[in-house]
Amino acid sequence: MLANLQAEIKGAIEQVFDYQLPDNQLIVSPTKKEFEGEYTFVTFPLVKALKNKPEVLGEQMGAYLKANSSIVSDFNVVKGFLNLSLNDGFWSSALSTVGEDTFGSRPANGKTFMVEFSSPNTNKPLHLGHIRNILLGWSMAQIAEANGYKVIKTQVINDRGIAVCKSMIAWQDLGEGKTPESTGTKGDHFVGSYYVAFEQVFQKEYKAWQETEQGQEVFSSLAKEGQDAGTFFKGYKNKYFNEYSAIGARTKEMLLKWEAEDPEVITLWKKMNGWVYEGFETTYKKLGVNFDYNNYESETYLLGKEFVDEGLKSGVFYKKDDGSTWIDLESAKMDHKIVLRSDGTSVYVTQDLGTAHQRYEQYKMDHLVYVVADEQDYHFKVLFEILKRLGEPYAESLYHLSYGMVDLPSGKMKSREGTVVDADDLVEEVIGEARKASQERGGLEGISTEEQEEIYRKVGLSALKYFIIKVNPKKRMTFDPKESVDMQGQTGPYIQNAFVRIQSIFRKAGVAKVDQPKDALEFNNLERDLIVQLSQYPHVLEEAFNKYDPSIIANYSYTLAKSFHRFYHDCRILNAETESLKQNRLYLSQTIGSILESSMQLLGMEMPEYM
RNA sequence: GGCCACGUAGCUCAAUUGGAUAGAGUACCUGAUUACGGCUCAGGAGGUUGAGGGUUCGACUCCUUCCGUGGUCACCA
């Protein structure tokens, strides 16, 4: 119906000024609340073309519209802004449009949208950073679906490499045959603890070595002028691991065995991975997310090599004397980048080249979105540039949804300092807070315990999820655990509360659903404002999709909930002055409830019936 | 140091993409509502949008120079 108004305005410009305003200059937006009217047309773009003052243009258009338009009831002009008030007929039909079942979502467009997110390592449990990643990926998937796409959700599981061998070695050395079952530990945490144990053993060995003759000799011959031992050895760690460390040598030997598919190593690897996957599955389930398929690095790490031959032939790549293969990206303002080691094995980008190609072969997706933190911006610039140069047909359809890292009030999360916030702990904590708050209020009586727990889960998770998803993805954010469990103000539970109020009204009214009354109706300012907001929902959905930004929806849901709370407070719904007014308000509330529910669902949050 | 982000109320975040007097939440103060100190509503106070210059009817937004914070510059993934 906004289109309706835009058409009327466009027509008015043609009639009054005999001028065609290009669509991108036709700016119509909701009127700011300190002014009279509901929609505002900005006249400045007309000024140059028509060589007249903005106020005069506004007056002329307003007068014309008031006299001739079927929907404009009044107008006023402030500077170059033409504020229009619309009549009840307009609002009535607008309300019936937003009340349609399919309002907001778009029909299938036959295109495929693939999104990769989460992508954990098998030697560490999921943490707060993964939660931001998962929420973004999951939301984008839902949003794409609402915009008519067929969606494929995927994750890359980093299940191989030297790091994985570390936890295997540590379990062999220290595990004494223990298992997650025998210790009552969640599998991913169980394996993660051995990874940590490995690092401890290694650090101890490294420290001791630094005092040996050999260590001292390395220091004095390689350290830079004036560099102290601490700084030097910090930077020398990888080299030590590869050249001197005993446990390092064993780890590397295991990796070689793994690559040679040594049965014993593979069996151990599969066993430990199984524990981890079970743990991840539990966490995903609790968070309410799932994937359509997984890419395992153990299966993709050899991919991409065929590109190298091809690229060498076409001159995209070049070979160095030591046998390594490179690409020169200077013309794209980047550096030279290695794509194949001198021993002929793939590196990170090469694997990603292969994986992208494989995905396209299999799914022919129209969009492929990687949800990965912004520390990898450069990697994805390189990856996309290479695919472009190789002439891959999907190269232009790739997007890196780059998001800022999550900080704590105390600063950065550092695994070495033990300040990483564990995902499972966090989820339990927010659910616990929801339970506590509810019980202290003494609500939820007369509901079964299982149902209560289900409500605490929904409420607690929405507090956590909303706190994270409301922030623009590209910005680095601060996560304050105290604020994340808040349920007042701009929070998930506040929005849920609006929904619950609506459900409670309907329970009291004794009906499940109402139709829009047909009698001529009047609308007050609060109602008009709500309809304006509801009308924006499709644009919000589209914008969130185009900008890869779920926070737009989060902020929208909040303002809608806020307007409803105010409406609820100021206007009687069940005790409205007339029966038709009551029906109309019920219908409006019902529509708000359904849009609140569907918009929150896009962000991975569920609505409770009570709270 | 090169390159890339970011910088808005004490704190956490917005700002319809270049539009009106930069808005919310939180914390603080006041009132309403409440079976309720603590999931609701209203009001108050809180700002030179990091700094300077430029572009124009109009700049938080675009250009430019500084300052600050973070990231990245591996034959790790």
Side-chain angles (χ1 to χ4, degrees), chain A residues 27-35 40 42-45 47-48 53-54 78-81 83 119 121 156 158 160-164 238 241-242 297 301 320 322-326 333-335 337-352 372-379 381-382 402 404-405 407 409 411-412 434 436-438 440-443 459 463 467 470-472 474-480 482-484 486-498 500-501 536 539-540 543 547 551-552 554-556 558-559 561-562 564-570 611:
Chain A
I27 303 167
V28 180
S29 47
T31 302
K32 299 227 168 201
K33 59 172 180 269
E34 54 270 37
F35 300 98
T40 296
V42 184
T43 65
F44 290 106
V47 171
K48 238 178 213 162
K53 286 186 183 166
V78 182
K79 297 193 201 166
F81 300 92
N83 301 320
S119 300
N121 296 321
V156 173
N158 300 106
R160 66 161 282 279
I162 202 81
V164 172
N238 271 341
F241 182 88
N242 286 319
E297 201 209 333
Y301 82 107
K320 278 194 182 175
D322 63 4
S324 56
T325 307
W326 295 71
K333 283 193 270 186
M334 290 181 266
D335 295 326
K337 181 81 194 172
I338 191 164
V339 292
L340 213 60
R341 296 191 187 98
S342 47
D343 65 6
T345 55
S346 303
V347 294
Y348 182 29
V349 250
T350 326
Q351 291 176 39
D352 269 0
V372 182
D374 63 6
E375 59 185 353
Q376 292 196 38
D377 283 356
Y378 187 71
H379 168 75
K381 265 177 81 176
V382 170
S402 163
M405 310 272 269
D407 288 327
K412 281 188 65 176
K436 202 173 94 192
S438 172
E440 279 178 16
R441 270 195 324 276
V459 173
F467 186 80
K470 74 171 185 196
V471 181
N472 184 322
K474 72 174 185 230
K475 291 200 180 177
R476 213 180 166 89
M477 68 170 288
T478 307
F479 181 87
D480 187 336
K482 275 206 294 287
E483 285 180 29
S484 72
D486 273 353
M487 298 183 195
Q488 304 154 49
Q490 188 177 357
T491 65
Y494 174 94
I495 299 168
Q496 289 176 323
N497 186 231
V500 167
R501 276 189 153 171
Q536 284 174 313
H539 307 293
V540 169
E543 203 190 349
K547 292 171 72 175
S551 76
I552 294 171
N555 285 299
Y556 170 82
Y558 170 69
T559 34
K562 190 173 152 75
F564 174 76
H565 276 307
R566 180 171 182 170
F567 168 66
Y568 174 88
H569 195 264
D570 288 4
M611 61 190 289

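Letters A, B, ... are given to chains in the order of the sequence lines, protein chains preceding strands, and every chain is numbered from 1.
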When all nucleic acid strands are considered with a 4.0 Å heavy-atom cut-off, which category describes A:D335: base, sugar-phosphate, or nothing? sugar-phosphate
B:rC29 and B:rG68: how far apart are their P atoms, nearest whole angstrom? 38 Å
Do you know which two heavy atoms are closest between A:G404 and A:D374, and how far apart they sit? CA-OD2, 3.5 Å
Heavy atoms from C-beta onward define the side chain here; which of B:rG70, B:rU12, B:rG19 lies closest to that of A:P45? B:rG19
For A:R160 and A:Q351, the nearest pair of non-hydrogen atoms, with its separation, is NH1-NE2, 4.4 Å
Just call it for A:V47: base, sugar-phosphate, or nothing, with non-hydrogen atoms closer than 4.0 Å on any strand. nothing
Phosphate OP1/OP2 of B:rC76: any A:R341 side-chain N/O under 4.0 Å: yes
Touch check for A:Q376, heavy atoms < 4.0 angstrom, all strands: base, sugar-phosphate only, or nothing? base
Let me know, please, whether A:T478 or A:K474 comes out on the 5' side of the other along RNA chain B by nearest nucleotide. A:K474
Using the C1' atom in both, what is the distance from B:rG37 to B:rA27, to the nearest Å? 16 Å
Any base atoms under 4.0 Å from A:D407, or only sugar-phosphate, or nothing? Heavy atoms, all strands. nothing
Distance check: side-chain N/O of A:K32 vs OP1/OP2 of B:rU16, anything under 4.0 Å? no
Heavy atoms only, 4.0 Å cut-off, all strands: where does A:D480 land among base, sugar-phosphate and nothing? nothing
Ignoring backbone atoms, test whether A:R501 places a side-chain nitrogen or oxygen under 4.0 Å from the OP1 or OP2 oxygen of B:rU40. no
Within less than 4.0 Å of OP1 or OP2 of B:rC75, is there a side-chain N or O belonging to A:K337? no
Rounded C1' spacing from B:rG47 to B:rA24 in Å: 15 Å
Please answer whether B:rA20 and A:F35 are stacked, defined here as ring centres separated by less than 5.5 Å and planes angled under 30°. yes
Flag the pair A:H379 / A:D352 as yes when at least one side-chain heavy-atom distance between them is below 4.5 Å, and no otherwise. yes
Atom P, compared across B:rC3 and B:rU64: separation rounded to whole Å: 12 Å
G-U wobble or Watson-Crick pairing nucleotide for B:rA51 (cut-off 3.5 Å, both distances): B:rU65
On RNA chain B, compare the nucleotides closest to A:T40 and A:W326; which residue's is nearer the 5' end? A:T40
Who pairs with B:rU40 - Watson-Crick or G-U, where each distance is under 3.5 Å: B:rA32
Strand partner of B:rC13, provided both Watson-Crick or wobble distances fall under 3.5 Å: B:rG23
With the side chain of A:K381 defined as its heavy atoms from C-beta on, choose the nearest nucleotide among B:rC75, B:rA24, B:rC4. B:rC4
How many whole angstroms separate atom OH of A:Y556 from atom C1' of B:rA24? 17 Å
Can you tell me how far C1' in B:rC6 sits from the matching atom in B:rG19, rounded to whole Å? 25 Å
How long is the line joining NE2 of A:H379 and C1' of B:rC4, in whole Å? 16 Å
Atom C1', compared across B:rA51 and B:rC57: separation rounded to whole Å: 27 Å
Locate the shortest heavy-atom distance separating A:D335 from A:Y378; write the atom from each residue and the value. N-OH, 3.1 Å
With a non-hydrogen cut-off below 4.0 angstrom, is A:K320 in contact with a base, only sugar-phosphate, or nothing? nothing
A:Y494 side-chain N/O to B:rC41 phosphate OP1/OP2 under 4.0 Å: yes
Centroid distance below 5.5 Å plus an interplanar angle below 30 degrees: do A:F44 and B:rC57 meet both conditions? yes
Please give the distance between the P atoms of B:rC63 and B:rG23 as a whole number of Å. 25 Å
Assign A:N242 to base, sugar-phosphate, or nothing according to its heavy-atom contacts below 4.0 angstrom with the strands shown. nothing
Tell me what A:E543 touches on the nucleic acid: a base, only sugar-phosphate, or nothing, going by heavy atoms under 4.0 Å. base
Do the non-hydrogen side-chain atoms of A:S346 and A:L340 ever get within less than 4.5 Å of each other? yes
Per atom distances to the A:R160 side chain, the nearest of B:rA77, B:rG70, B:rC75 is B:rA77
Closest to the A:Q488 side chain: B:rG71, B:rU40, B:rC13? B:rU40
Under 5.5 Å between ring centres and under 30° between planes: does that hold for A:F81 against the base of B:rA20? yes
Between A:K475 and B:rA14, is there a side-chain N or O to OP1/OP2 distance below 4.0 Å? yes
Could you tell me which non-hydrogen atom of A:N158 sits nearest to which non-hydrogen atom of A:V164, and how far apart they are? O-CG2, 4.2 Å
For A:F35 and A:N83, the nearest pair of non-hydrogen atoms, with its separation, is CB-ND2, 3.8 Å
Are OP1 or OP2 of B:rG2 and a side-chain N or O of A:K333 less than 4.0 angstrom apart? no
Between P on B:rU12 and CD on A:E483, what's the gap in Å once rounded to a whole number? 8 Å
Reckon A:M334 touches a base, only the sugar-phosphate, or nothing at all at heavy-atom distances under 4.0 Å? nothing
Taking the P atom in each of B:rG50 and B:rU61, what is the distance between them to the nearest angstrom? 8 Å
How would you label the contact of A:P30 with the nucleic acid (heavy atoms, under 4.0 Å): base, sugar-phosphate, or nothing? base
Pair of N/O donor and acceptor under 3.5 Å linking B:rA20 base with A:N83 side chain: yes
Lys/Arg-Asp/Glu bridge criterion (N-O < 4.0 Å) met for A:D377, A:K381: no
